[in-house]
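Here's the structure we're looking at; comments come further down.
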Amino acid sequence: QMCIRDSFYRIWFRNFFLKKMEYMDYVDLKYRPEKDDLICEFYVKPSKSIEEAAGAVASESSTGTWTEVKAPERVKKISAKVFSIKGNYIKIAYPLQLFEPSNVPQILSSVAGNIFGMKEIKALKLLDVSFPKKIVREFKGPLFGIPGVRKLLKVKERPLVGTIIKPKLGLTAREHAKRAYQAWIGGCDLVKDDENLTNQKFNQFKKRVIETLKLKEKAERETGERKAYLPNITAETKEMLRRARFVKENNGTYVMVDIITAGWSSLQTLREENESLSLVLHAHRAGYAALSRNPRHGISMLVIAKIARLIGLDQLHIGTIVGKMDTPKREVVAIDQEIEKSIIRSDKAGHILEQEWFHIKPMFAVCSGGLHPGHVPYLIKRLGKNIVLQFGGGIHGHPLGTESGARAVRQAVNAALEGIPLEEAAKKQKELKLALERWKKIYY
Ligand code: CAP
Ligand code: MG
């Protein structure tokens, strides 16, 4: 009898001090976020009620699970709280204790992990994340950022002009280097590898780096301008570091990496290594649209951009509004501001959450994808001068070839900066004239 009575009291006693934790226990619309909370905004399409779905998201992304589990009060204290539900848009506050502040994969395994697959929701999109100071201070941010890149290239004001060697794949290292040389002579500041060119048999990484850097130095001597080559080091992490070191040993100044396919852990490792390498890190985002393109499901490019800035890439593709990719103006402008400004106030223009960047330097926004000289006035007008304008087909597809294609782009940039209509500028500059005849449309 005694032991039955004891276990009854033990269970009663235990239950008295344990709290039930069901989905609705994670909804507290009176909660006001703490300064140290990480905050997320989601779009949610619920399977049943929005409250239930919101509670499920907060539960699964913090401390809970599908059924009631009793837990000590302290677990409830560190659990996520849904503090705002407006239509299909919810805001969730996550106490700092839930996170390992310097660990990007862990942060994303929480707020961008299991939740996308739950039956409680039909669709879920992580729209924005506001990182508290106690997380931001754990990250170095860009080593160069906009000021460092401008100093390196000795380009004080104007937008930077870059090209991607085309065709994407298939050229030999020597042919690649020659096209790069023509682009630099024509006026490009930057020449990058394409996102899927790494170390193929027909164009091996080391050979390409040596050949292209040699012609980069030749182009610098002949133009009197600083030039840069952005070799694509995307690979398994240790191999990426080996390739980055090889670039440095050969007096390279930049590397590029496909951040989505390489993965967040490898970027944290690369940024750590970059303290000693001091290379400008260019972030290509191939694959991001699988996460961000659906307006109702996935992870926004704004969130991806914020994480890239935190970790410390120096340049980031953000879209073009008018190019070949589906990159809406509201999104591109919001990302451009998010990666450049030091404080973001929440507003209707795509910034949903406040963000202070404290010591984190601004990243250079890169516009690339289906661009030609006719797009230049529009992009400078809307995104300012702190942008890298990149043209693949829009330079190598010029009727007179790569060098003239690069000249046409620089002529368009100069005209746009002086407020001269491109049609006007084209009258005296044949490369620009031929480019406008080829691609027709001019965007102001
Ligand atoms: C552009 C590009 C870029 C994409 C990236 C390409 O070439 O090299 O990788 O634009 O898009 O492979 O398509 P073109 P985003 O100039 O010939 O289009 O910057 O939106 O990630
Ligand atoms: Mg590309």
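Model, not experiment: these values are computed from the prediction. Atoms within each ligand, like the ligands themselves, are counted from 1 in listed order.
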In plain terms, say whether E211 and K207 are close enough for a salt bridge, that is, a side-chain N and a carboxylate O under 4.0 Å apart.
yes
the protein heavy atom lying closest to atom 1 (C) of ligand 1 turns out to be S368 OG, 3.7 Å
For K168, the ligand 1 atoms with a heavy-atom partner under 4.0 Å come out as 6 (C), 12 (O)
Q) Considering distance alone, does some N or O of G392 sit under 3.5 Å from an N or O of ligand 1? A) yes
Ranked by distance from atom 13 (O) of ligand 1, the top protein heavy atom is K324 NZ, 2.5 Å
- Query: Does some side-chain heavy atom of V82 sit less than 4.5 Å from a side-chain heavy atom of K91?
  - Reply: no
Between F116 and I121 the two heavy atoms that sit nearest each other are O-CD1, 3.7 Å
With a cut-off of 2.8 Å, strictly less than, protein N/O/S atoms near the Mg ion (ligand 2) add up to 2
Item to complete: Give a yes or no on whether a salt bridge exists between E275 and R271, defined as a side-chain N under 4.0 angstrom from a carboxylate O.
Response: yes
When distances are taken from atom 20 (O) of ligand 1, the protein heavy atom at minimum range is R285 NH2, 2.9 Å
Subject >> Close approach, K192 and ligand 1, non-hydrogen under 4.0 angstrom >> reply: no
Any donor-acceptor pair under 3.5 Å from D194 side chain to K168 backbone:
no
Side chain to side chain, L316 and V366, heavy atoms closer than 4.5 Å = no
Q) Do any nitrogen or oxygen atoms of G369 come within less than 3.5 Å of a nitrogen or oxygen of ligand 1? A) yes
Taking the ring centre of each residue, are H282 and Y254 less than 6.0 Å apart? no
* Any N or O of D194 that comes nearer than 3.5 Å to an N or O of ligand 1? -> yes
Worksheet item: Less than 3.5 Å between some nitrogen or oxygen of G393 and one of ligand 1, yes or no?
Response: yes
Fill in: Sub-3.5 Å N/O-N/O distance, H284 and ligand 1
yes
closest protein heavy atom to atom 7 (O) of ligand 1 is K166 NZ, 3.1 Å
Atom pairs and distances, donor-acceptor, side-chain atoms in residues 99-106, under 3.5 Å, two or more places apart:
| unit_1 | atom_1 | unit_2 | atom_2 | d |
| --- | --- | --- | --- | --- |
| E100 | OE1 | N103 | ND2 | 2.6 |
| N103 | OD1 | Q106 | N | 2.9 |
| Q106 | OE1 | E100 | N | 3.0 |
| Q106 | NE2 | L98 | O | 3.1 |
| Q106 | NE2 | S110 | OG | 3.4 |

* So Y443 and H372, would you call those rings parallel, tilted or perpendicular, with 30° and 60° as cut-offs? -> tilted
**Report entry** Check: L270 and L241 side chains under 4.5 Å, non-hydrogen atoms
**Finding:** yes
**Message:** With heavy-atom distances below 4.5 Å as the criterion, would you say the side chains of D193 and H176 are in contact?
**Reply:** yes
Contact between G370 and ligand 1, counting heavy atoms under 4.0 Å?
yes
heavy-atom search around atom 11 (O) of ligand 1 in the protein gives M325 CE, 3.6 Å
- May I ask you to test the V413-P159 pair for a side-chain heavy-atom distance under 4.5 Å? yes
Nearest non-hydrogen protein atom to atom 19 (O) of ligand 1, with distance, is H317 ND1, 2.7 Å
Assess whether a salt bridge exists between E239 and R243, defined as any Lys/Arg side-chain N lying under 4.0 Å from an Asp/Glu carboxylate O.
yes
